[in-house]
Amino acid sequence: MRPLTLRRLGWTCAALALVLLACVVLALKLGAVPISVTDLVWNLARVAIGQSDQLPTDYRLIVFELRLPRILLGILVGAALAVAGASFQALLRNPLADPFVLGVSSGAAVGAIVALIAAPRAVLVTPLGAFLGAMATIAAVYFLGRREGQLDSATLLLGGVICASFLSAIIWFLMTTLAGRDLRGMPFWMMGDLSTPLPAGLRWIFTAGLLAGIGAIYTTAADLNLLLTGEREAIHLGVDVTRVKLVVYVSASLLTALAVSASGAIGYVGLLVPHAIRWLFGSDYRLLIPASALGGAIAIVLADTLARTVVAPTELPVGAMTAIAGAPLFIYLLRRRMQ
Amino acid sequence: MSWYGTSTEAIRSREPSPPGGSTVRLTVEQASYAYAVGASSAPTFTLGATSFQAHEREMVAILGPNASGKSTLLNLISGMIAPLSGRVELDGQATSRLDLRTRAQRIAMVHQESPMIFPPTAGEFVLQGRYPYGRALRLPTDSDVAIARGALAQLGVEHLVNRRMKELSGGERQRVILARALAQQPRLLLLDEPTLHLDIGAQVELLERLRQLAEENRYTVVVVTHELALAAEFANQVVLLHQGRCLRVGPPGEVYRRELLEQVFEAPLEVEMGPAGRPRVSVRARRSENAT
């Protein structure tokens, strides 16, 4: 028996954090203007000792004003999406659940766009609209997925796919009829894009929202393990199932909403990352949630670096990269499940 | 239904042992329940007043055909639902009023198997039985691990500890599920149709093991079943239900009357008393009746 210990939890997260650091260095180095690692370390050290005014202007612009904010945004978005995916998989008892596949990301996008149209100048309007959109969509998908009072896996996925397609059509409609407004581009909402940095005033709010969402879900990690082996059984083992479901439902919707309002609907991260983490470290949610947060950050930083460099100087939307990796995995998992 | 006649000497290993001297653990007194679609609509199913008592080391079988109210009675005992009238108490406390955590420390329930997603290893699964004793993240302590190992060993499945639940056979999985209930260290062990998907050998083995566990761990065991022959062999007490009414409560020797069982199970049956006071039930084929 290899029960989960605090030590194993700590070492696993530390190892993933190191991998993330390496990915960040790589992402800072690669791009239309390549930068050597030595220069990078040297200049980062200068910043660390408070000599940032001595940095060459082009370095400051490329590294600290263009690449670093984009990488940090990627870390936030990746962590949010991966934890939301792992949470939806437990909440809906479906290994194929993912905010994008279930249409929750599209719902959040519709909510954000409608909110932007209604009150374009209000500060928190985009994430709030996205949050309401995400909550409404997951509720709709949940009820569509029920057959004879039970949640049916195939019906749920089909309901999600139909919702996603319907909501995408609404996005097209809104973007076309309101073409003159400042609503950001279609690729942003449909595929996800990290090139627009977060407004300075929203950075801390987003970080706090992300930590609160992941933290709230983490308080239910032990309960989720039991929920996966059966809901009735979990109740008899002392789990307050209604409370756990409510916490996870609200928090996972919040995480999806934050990610979508910051970077649009990036797909498959919530599917790809938790499955990779399960394959590497097992399916205990007490480890899966923090490891997925770090894994999601790694995945998005790598995917965005690829999106920036693979056809440089032109950039691809980051969602194209995650879909290229995620869609085949989805099909593989679906086929394995059907067998 | 050929097993109705399967009452070999081998499975009649233990005499019914009335738990003389031990205190009453479970009291079900005039407990009733009604299911209704809405608060004001007429009930769709009612369980009439049911009464019985069970001591420690005692095994009670709740017996009856489908839709007789067996699961409702089990839910009342487990505290999942509160009785409309009467009382259901474990050691003098109403089971439905216990908080979730305390209830899980005192009552363990083994259900018919639910589908699992991302199945854990048998060891991880049994450790879940320690959930009601932990706090926050519930990372297992050394004593939790020792208790989980002990539970697996008691059921003879310690070697399966690192195997995934989905890789186990039906019988192995059943034992691991039972080990998780043991890890809860309950006073009352409830089982809902535990023999449903097992072959006859595994059914007998499971019930013998339950008898043994009741004896060794001083549990009170309540088993819901519709298997007459097995209940006759292993239960100290039988609660016979039919269409939501409690028809008879008592030792199998008193409850098993041919006319009563034939009426309840709507099958031609033969009941004869075995030498140890345990009744034997067998099916009388209808065609042989016609031939005579």
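Residue numbers begin at 1 in each chain, while the letters A, B, ... track the order of the sequences.
Only the side chain of A:Tyr285 comes within less than 4.5 Å of a heavy atom of chain B; its backbone N, CA, C and O stay farther away. The parts of A:Arg93 that come within reach of chain B are both its backbone and its side chain, each placing non-hydrogen atoms under 4.5 angstrom from that chain. No part of A:Glu231 comes within reach of chain B, as not one of its non-hydrogen atoms sits under 4.5 angstrom from that chain. For A:Asp223, the parts sitting under 4.5 Å from any heavy atom of chain B are the backbone and the side chain alike.
Around atom CG of B:Asp142, no more than 12 heavy atoms belonging to other residues, nucleotides or ligands sit under 6.0 Å away.
Within the model, atoms CD of B:Gln128 and CG of A:Leu226 stand 4.0 Å from one another, a figure rounded to the nearest 0.5 Å. Remark: B:Met116 CE to A:Ser283 OG distance equals 11.0 Å, nearest 0.5 Å.
For the set A:Pro95, A:Gly282, A:Ala234, the count of heavy-atom pairs under 4.5 angstrom toward chain B peaks at A:Pro95. Of the listed residues A:Asp284, A:Leu228, A:Thr5, the one with more heavy-atom pairs under 4.5 angstrom with chain B than any other is A:Leu228. Of the residues considered (B:Leu127, B:Leu152, B:Leu137, B:Leu190), B:Leu137 shows the highest number of contacts with chain A, using heavy-atom pairs under 4.5 Å. Considering only heavy-atom pairs separated by less than 4.5 Å from chain A, the leading option among B:Arg103, B:Gln105, B:Arg149, B:Glu124 is B:Arg149.
Between B:Pro140 and A:Pro3, the shortest heavy-atom distance links the atoms CG-CB, 3.5 Å. Residue B:Ser78 comes nearest to A:His236 through the heavy atom pair OG-CE1, 3.5 Å, listed as atom of the first residue, atom of the second, then distance. The two residues A:Ile235 and B:Met80 make their nearest non-hydrogen contact at CG2-SD, 3.6 Å. Listed here is the closest heavy atom pair of B:Leu139 and A:Leu6: CD1-CD1, 3.5 Å. For the pair A:Asn94 and B:Ile117, the tightest heavy-atom approach, listed with the atom from each and the gap, is N-CD1, 3.5 Å.
The stretch residues 166-180 of chain B places B:Arg180 near chain A, each with some heavy atom under 4.5 Å from a heavy atom of that chain.
When side chains are defined from C-beta on, B:Pro120 does not count as touching A:Asn225, because their heavy atoms never get closer than 4.5 Å.
B:Arg138 places no side-chain N or O within 3.5 Å of a backbone atom of A:Ala221 that could act as its donor or acceptor partner.
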